[in-house]
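Working notes for the structure below.
Just so you know, ligand 1 is whichever comes first in the structure, and atom 1 is the first atom listed for that ligand.
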Amino acid sequence: MPKVHIVGNWKMNQNLESVRSFAKAFEGKGPFNCETWIAPQAIHISGLIENAGPIKVGSQTVSEHEKGAFTGELSPTSLKDIGATFTLVGHSERRQYYGEGNEVLNEKVKSALSHGLKVIYCVGETLEQRESGQMETILKEQVSDGLRGITSKDSLLIAYEPVWAIGTGVVATTQQAQQAHEYIRGLLSELGLESKDISILYGGSVKPNNIDGLLECPDIDGALVGGASLDPESFLALCQSGDKH
Ligand code: PGA
């Protein structure tokens, strides 16, 4: 059984003060049975690591290069150096606003894994793609191209985030989410990965009041949470749900 992961994606939110007060509010909480992870803005990774208690900290993206003349990029070795545990790769906002396609994302996945970071590789279809019956084709491309050449399930997690559910308040139904997760698990097996051991997280408008139904689905092993991870009480409630499953 894959381990349940509750992962906060703070995106370009939180400032020094709110990061500190989040950490303070979390003092003495945990340990949790589930994995509790947060990806703050890169600039806050070190500060959160020092004060995060049971929460493991990671980044929202990573460079495919190890080091060098790549202005503005985040080196996987430097992330590892400062104690980051994981990185997101291929979040839909990176795909949409920064033009990251499956090929470069594949480089990023490989680079992060080879430098000892765990990777949450994000996939998901837009509403237009779903409505025109292309969901499976899109997921298949994202999984098989983005994970090409990956031969070990170790340190790899997947997040299924339908783009139409991100930040919209429209959560996928448990049936829609379960169906996509099951399909993705099949794709991972086709790649030769031991998919039953890979945590597949659902993301898209997850809140304390809808997480339980999602976590009850057999192929949903956790959640990647944006908005509802910003508030310590709400993140705590999500972690407590994670503990029950
Ligand atoms: P949301 O974001 O929970 O605010 O919908 C999820 C995500 O983008 O990872």
Side-chain angles (χ1 to χ4, degrees), residues 4-14 18-19 22 34-42 44-45 48 55-62 74 84-100 105 108-109 112 117-127 129-130 135 138-139 142-143 146 156-174 176-177 180-181 184 199-215 217 220-242:
V4 172
H5 287 68
I6 304 297
V7 183
N9 172 14
W10 282 356
K11 310 191 180 185
M12 207 168 71
N13 296 302
Q14 308 285 45
S18 62
V19 172
F22 186 101
C34 63
E35 290 284 324
T36 52
W37 297 2
I38 287 181
Q41 292 184 69
H44 294 305
I45 291 175
L48 191 59
I55 299 172
K56 292 183 185 143
V57 184
S59 67
Q60 299 171 9
T61 181
V62 67
L74 273 177
T85 301
F86 74 98
T87 182
L88 304 181
V89 173
H91 188 279
S92 70
E93 287 148 19
R94 300 295 313 175
R95 292 177 186 266
Q96 190 181 346
Y97 305 136
Y98 302 97
E100 294 181 356
L105 294 173
K108 288 176 188 280
V109 171
L117 293 167
K118 294 183 195 296
V119 167
I120 303 178
Y121 178 60
C122 307
V123 298
E125 81 290 356
T126 63
L127 187 59
Q129 289 163 341
R130 171 173 279 262
M135 180 186 94
I138 295 295
L139 292 179
Q142 290 174 336
V143 171
L156 177 68
L157 299 91
I158 305 292
Y160 169 63
E161 298 201 299
V163 179
W164 46 271
I166 296 178
T168 57
V170 182
V171 63
T173 64
T174 51
Q176 286 170 323
H181 280 232
I184 291 167
S199 294
I200 308 180
L201 320 183
Y202 168 81
S205 298
V206 175
K207 306 273 181 273
N209 66 8
N210 61 25
I211 190 169
D212 287 320
L214 290 160
L215 293 182
C217 298
I220 300 185
D221 311 307
L224 179 56
V225 189
S229 70
L230 295 170
D231 171 61
E233 295 222 335
S234 142
F235 189 67
L236 179 63
L238 294 164
C239 296
Q240 287 165 341
S241 285

**Prompt:** Of all the atoms in ligand 1, which lie at a distance below 4.0 Å from a heavy atom belonging to H91?
**Reply:** 7 (C), 8 (O), 9 (O)
**Item:** Among S229, G8, A228, G226, closest by any non-hydrogen atom to atom 1 (P) of ligand 1
**Value:** G226
**Message:** Quick check on contacts: which atoms of ligand 1 are under 4.0 angstrom from a heavy atom of E161?
**Reply:** 6 (C), 7 (C), 8 (O), 9 (O)
**Message:** If the cut-off is 4.0 Å to any non-hydrogen atom of G167, which atoms of ligand 1 fall inside it?
**Reply:** 1 (P), 4 (O), 5 (O)
**Asked** Is the closest heavy-atom distance from A165 to ligand 1 below 4.0 Å?
**Response** yes
**Message:** For E100, is there an ion pair with R95 - N to carboxylate O distance below 4.0 angstrom?
**Reply:** no
**Request:** Looking only at distances, please establish whether an N/O atom of ligand 1 is found under 3.5 Å from an N/O atom of E93.
**Result:** no
**Message:** Quick one: does any side-chain atom of Q96 pair with a main-chain N or O of E93 as donor and acceptor, under 3.5 Å?
**Reply:** no
**Message:** Could you check whether any heavy atom of K11 sits closer than 4.0 Å to an atom of ligand 1, since that is the contact criterion I want to use?
**Reply:** yes
**Fill in**
So for N9 against ligand 1, with non-hydrogen atoms under 4.0 Å, the contacting part is side chain
**Prompt:** Is the ring centre of W10 less than 6.0 Å from the ring centre of F235?
**Reply:** no
**Message:** Parallel, tilted or perpendicular: which one describes the rings of H181 and Y160, with boundaries at 30° and 60°?
**Reply:** perpendicular
**Asked** Could a heavy atom of G203 be found less than 4.0 Å from some atom of ligand 1?
**Response** no
**Message:** Please check: side-chain N/O of S229 versus main-chain N/O of G8, any donor-acceptor pairing under 3.5 Å?
**Reply:** no
**Request:** Would you give the length of the straight line joining atom NZ of K118 to atom OG of S199, rounded to the nearest 0.5 angstrom?
**Result:** 10.0 Å
**Prompt:** Can you name the nearest heavy-atom pair linking I184 to V123, along with the distance?
**Reply:** CD1-CG2, 3.9 Å
**Item:** Non-hydrogen atoms of V171 and G204 that approach each other most closely
**Value:** CG2-O, 3.5 Å
**Fill in**
Within 4.0 Å of some non-hydrogen atom of G204, the atoms of ligand 1 are 5 (O)
**Distance filter under 4.0 Å to G227 heavy atoms, resulting ligand 1 atoms** = 1 (P), 3 (O), 4 (O)
